[in-house]
Amino acid sequence: MSAVSSMSDIVALRISHCRAEQAAKDRMYHLAVMHYRDCLDAAERRQDARATEFFALQLARCYEHMGLRDKAAQFRALAEPGPDVHPLA
């Protein structure tokens with residue numbers, strides 16, 4: 001991946017993240033989910049485990065607000081670090 005491509009990916013991710021946060025703040029959870037899904041996809045493409053966990057947790061919170069507990073549980077499970085991941089103290 002070139003530096004320019006990487007930079008534009010990061011900018012796109014940040015824009016989606018800001019849009020998702022604003023939509024969640026405005027209680028527009030369907031819109032927030034759409035943007036957080038974009039963020040999660042980008043994090044997975046980059047193989048960024050911490051970002052994947054973070055965006056999965058954000059999706060879980062949105063789905064909980066929407067009353068979709070089963071869907072929230074799926075994303076909450078994705079947000080759990082694996083046994084080989086050690087959080088920083």
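Heads up: numbering here begins at 1 and tracks the sequence. Being a predicted model, the structure only gives us computed values, none of them experimental.
- Within the 4.5 Å cutoff, no side-chain heavy atoms of Phe55 are placed close to those of Arg50.
- Electrostatic pairing of Glu64 and Lys71 does not count as a salt bridge here, judged by no charged N lying under 4.0 Å from a carboxylate O.
- Thr52 approaches Leu40 most closely through the heavy-atom pair O-CD1, 3.4 Å.
- Asp26 places no side-chain N or O within 3.5 Å of a backbone atom of Met28 that could act as its donor or acceptor partner.
- Within the 4.5 Å cutoff, the side chain of Gln22 has heavy atoms near those of the Lys25 side chain.
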| task | For Tyr36 and Glu21, run side-chain contact (heavy atoms from CB on, under 4.5 Å): C-alpha distance rounded to whole Å, both residues' side-chain angles, the deciding distance at 0.1 Å, then the answer. | result | CA-CA 9 Å; Tyr36 278 132; Glu21 284 182 324; 3.6 Å; yes
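- In terms of heavy-atom proximity, Leu57 sits nearest to Ala79 at N-CB, 3.8 Å.
- One distance of note links CD of Gln58 with SG of Cys39; it measures 9.5 Å at 0.5 Å rounding.
- Residues Leu68 and Tyr29 share a hydrophobic cluster, clusters being chains of Ile/Leu/Val/Met/Phe/Trp/Tyr side chains in contact below 4.5 Å.
- Taking 4.5 Å as the limit, every side-chain heavy atom of Leu59 sits out of range of all side-chain heavy atoms of Gln74.
- Side-chain rings of His17 and Phe54 approach one another, their centers coming within less than 6.0 Å.
- Nearest heavy-atom pair across Ala43 and Ala51 is CB-CB, 3.7 Å.
- Inter-residue side-chain proximity for His35 and Ile15 is flagged as unmet; no heavy-atom pair is nearer than 4.5 Å.
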| task | Tell me, with the steps shown, if Val33 and Met66 meet side-chain contact (heavy atoms from CB on, under 4.5 Å). | result | CA-CA 10 Å; Val33 162; Met66 295 165 67; 4.0 Å; yes
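- Using a 4.5 Å cut-off on side-chain heavy atoms (C-beta onward), Glu53 and Leu78 make no contact.
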